[in-house]
Colleague: 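Mind having a look at this structure? Questions to follow.
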Amino acid sequence: MNEENFIPTHSHKEVANGEVKARCSSNIALVKYWGKYDFQLPANPSISYTLTNSFTETSITFKKSNDFSVELYLDNQFQEKFSSKIYTYFLSLKRFLPFIDSYSYSIYTKNSFPHSSGIASSASGFGALAKCLMEMSEMLGEITTEEFKLMKASFLARMGSGSACRSIYSGLAIWGKNSDIPSSSDLYAVSFPFEIAPIFKEMQDTILLVDEGQKQVSSTVGHSLMNGHPYADLRFKEASKNLSDMSQVLQSGDLEQFGKIVEHEALSLHAMMMTSSPAYILFKPNTLAILDKIWKFRRESNTHLYFTLDAGANVHLLYPEKEKGLIFSFIKNDLLKYTENGNLILDKVIF
Ligand code: DP6
């Protein structure tokens with residue numbers, strides 16, 4: 001598939017007005033996307049779990065209009081900055097959704113997680129928007145199959161925020177070309193194409209909210225600091241190898257190896273930030289305290305509790321459901337004190 005395949009071949013019909021709705025989950029990357037080229041294309045392939053309880057719900061009402069406009073409401077509050085961001089995003093999709101600037105839009109969106117939690121809403125947010133737009137396109141006559149609809153929604157979501165393209169699929173999703181995954185592409189994400197070992201279908205993700213504030217350096221800036229980064233080439237190659245290895249591990253059910261790759265990826269991501277120019281650090285002393293406790297607990301308890309980090313201070317704890325009892329006591333007794341307000345989100349992969 002190339003970009004041209006996403007340009008509709010029939011002209012759209014005109015509809016006076018309508019409404020479309022979609023829900024899209026957030027995701028947590030096991031192998032991280034960090035660095036991009038051209039227009040929102042990934043410098044290395046990535047893979048993520050789509051989550052169950054962290055999601056965005058969006059509805060769009062549209063009206064035929066000579067005045068293309070976008071009004072976005074988050075929790076029923078008008079958002080001026082987001083509205084103009086989405087206006088620009090919609091315009092960028094014109095080649096693939098030729099009707100886009102012939103309507104005026106009111107977008108109502110809400111997240112299942114608090115806005116201030118430090119959980120990025122861009123993946124689930126753009127995922128939900130892209131799904132809505134594909135509903136609209138179909139309503140206006142674009143001929144699609146279920147498979148193509150997902151693929152194009154992923155393609156459209158990617159143009160808003162890279163990691164959003166993986167959120168379109170439940171389970172595990174891969175974005176970025178990798179020679180061991182024949183269906184993979186830089187343009188859109190695909191569902192993990194192989195049989196997954198049962199243990200990896202019931203992974204829990206408990207998110208410790210260490211810092212609920214706005215982070216100082218956005219992901220967009222972070223990605224751009226990978227241009228000319230002294231370790232960039234090595235990082236991109238290693239991430240690609242980690243993805244191939246992870247693909248094997250997910251099929252074989254090797255939990256220890258899973259943990260090794262996941263933690264290495266999380267620390268590599270933050271190592272890239274620390275060695276960027278200018279350098280920056282997004283984790284907090286409490287993030288490190290949590291990692292230290294996890295390593296100690298693992299040595300002593302013979303459990304499979306692993307961490308991963310996003311571009312922020314919060315810690316995602318990944319573990320199999322059958323070890324939930326022991327691990328959750330540990331979280332409550334030893335880790336909760338490192339969170340900002342005793343806050344955590346109990347989540348798990350969705351299949
Ligand atoms: C650290 O998808 O938020 O979460 O494409 O600029 O919107 P943009 O960046 P974004 O970057 C996410 C980076 C990450 C790793 C990942 O999810 O793979």
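Remember, it's 1-based here, ligands and their atoms both numbered in the order they're listed. All heavy atoms count here, side chains included; hydrogens, waters and symmetry mates do not.
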Colleague: Taking it one step at a time, do Arg298 and Glu263 satisfy salt bridge (Lys or Arg N to Asp or Glu O under 4.0 Å)?
Modeller: CA-CA 13 Å; Arg298 214 161 58 212; Glu263 293 191 350; 2.7 Å; yes

Colleague: Counting from 1, what ligand 1 atoms have a heavy atom of Thr220 closer than 4.0 Å?
Modeller: 6 (O)

Colleague: Number the atoms of ligand 1 from 1 as they appear, then name those within less than 4.0 Å of a heavy atom of Arg166, with their elements.
Modeller: 16 (C), 17 (O), 18 (O)

Colleague: Please report whether the ring centroid of Tyr87 lies less than 6.0 Å from that of Phe68.
Modeller: yes

Colleague: Below 4.0 angstrom from a heavy atom of Lys36, which ligand 1 atoms are there? Numbered from 1 as shown, please.
Modeller: 5 (O), 6 (O), 8 (P)

Colleague: Please state which protein non-hydrogen atom is closest to atom 11 (O) of ligand 1 and give its distance, to 0.1 Å?
Modeller: His223 NE2, 3.0 Å

Colleague: Between Ser163 and ligand 1, which residue portion shows a heavy-atom distance shorter than 4.0 Å: side chain, backbone, both, or neither?
Modeller: both

Colleague: For ligand 1, does Leu269 get within less than 4.0 Å through its side chain, its backbone, both, or neither, judged by non-hydrogen atoms?
Modeller: side chain

Colleague: Are Phe148 and Phe6 close enough that their ring centers fall under 6.0 Å?
Modeller: yes

Colleague: Kindly say whether Arg23 contributes a backbone atom to a donor-acceptor pair with the side chain of Lys131 at under 3.5 angstrom?
Modeller: yes

Colleague: For Gln79, what residues pass the side chain to side chain donor-acceptor pair (under 3.5 Å) criterion, not counting sequence neighbours?
Modeller: none

Colleague: Any side-chain donor-acceptor pair under 3.5 Å between Ser122 and Ser161?
Modeller: yes

Colleague: Anything under 30° is parallel, anything over 60° is perpendicular, the rest tilted; go ahead and classify Tyr73 against Tyr108.
Modeller: parallel

Colleague: What protein heavy atom sits nearest atom 13 (C) of ligand 1, and how far off is it?
Modeller: Tyr33 O, 3.5 Å

Colleague: Give the atoms of ligand 1, by number and element, whose distance to some non-hydrogen atom of Gly162 is under 4.0 Å.
Modeller: 2 (O), 5 (O), 7 (O), 8 (P)

Colleague: So if I count the atoms of ligand 1 from 1 in the order they appear, which ones are less than 4.0 Å from some heavy atom of Asp310?
Modeller: 4 (O)

Colleague: Test salt bridge (Lys or Arg N to Asp or Glu O under 4.0 Å) on Glu138 and Lys149; report intermediate values, then the result.
Modeller: CA-CA 9 Å; Glu138 207 178 20; Lys149 222 164 116 181; 2.8 Å; yes

Colleague: Can you pull out the closest protein heavy atom to atom 7 (O) of ligand 1? Residue, atom name and distance to 0.1 Å, please.
Modeller: Ser161 OG, 2.7 Å

Colleague: Need the ligand 1 atom indices (1-based, order shown) with element for anything under 4.0 Å from a heavy-atom of Gln40.
Modeller: 5 (O)

Colleague: Which ligand 1 atoms are under 4.0 Å away from a heavy-atom of Ala29?
Modeller: 16 (C), 17 (O), 18 (O)

Colleague: Hey, which of Ser46, Ser167, Ser170 is the one that makes side chain to side chain donor-acceptor pair (under 3.5 Å) with Asn27?
Modeller: Ser167

Colleague: Taking only heavy atoms of Trp34 into account, list the atoms of ligand 1 that are under 4.0 Å away from them.
Modeller: 1 (C), 13 (C)

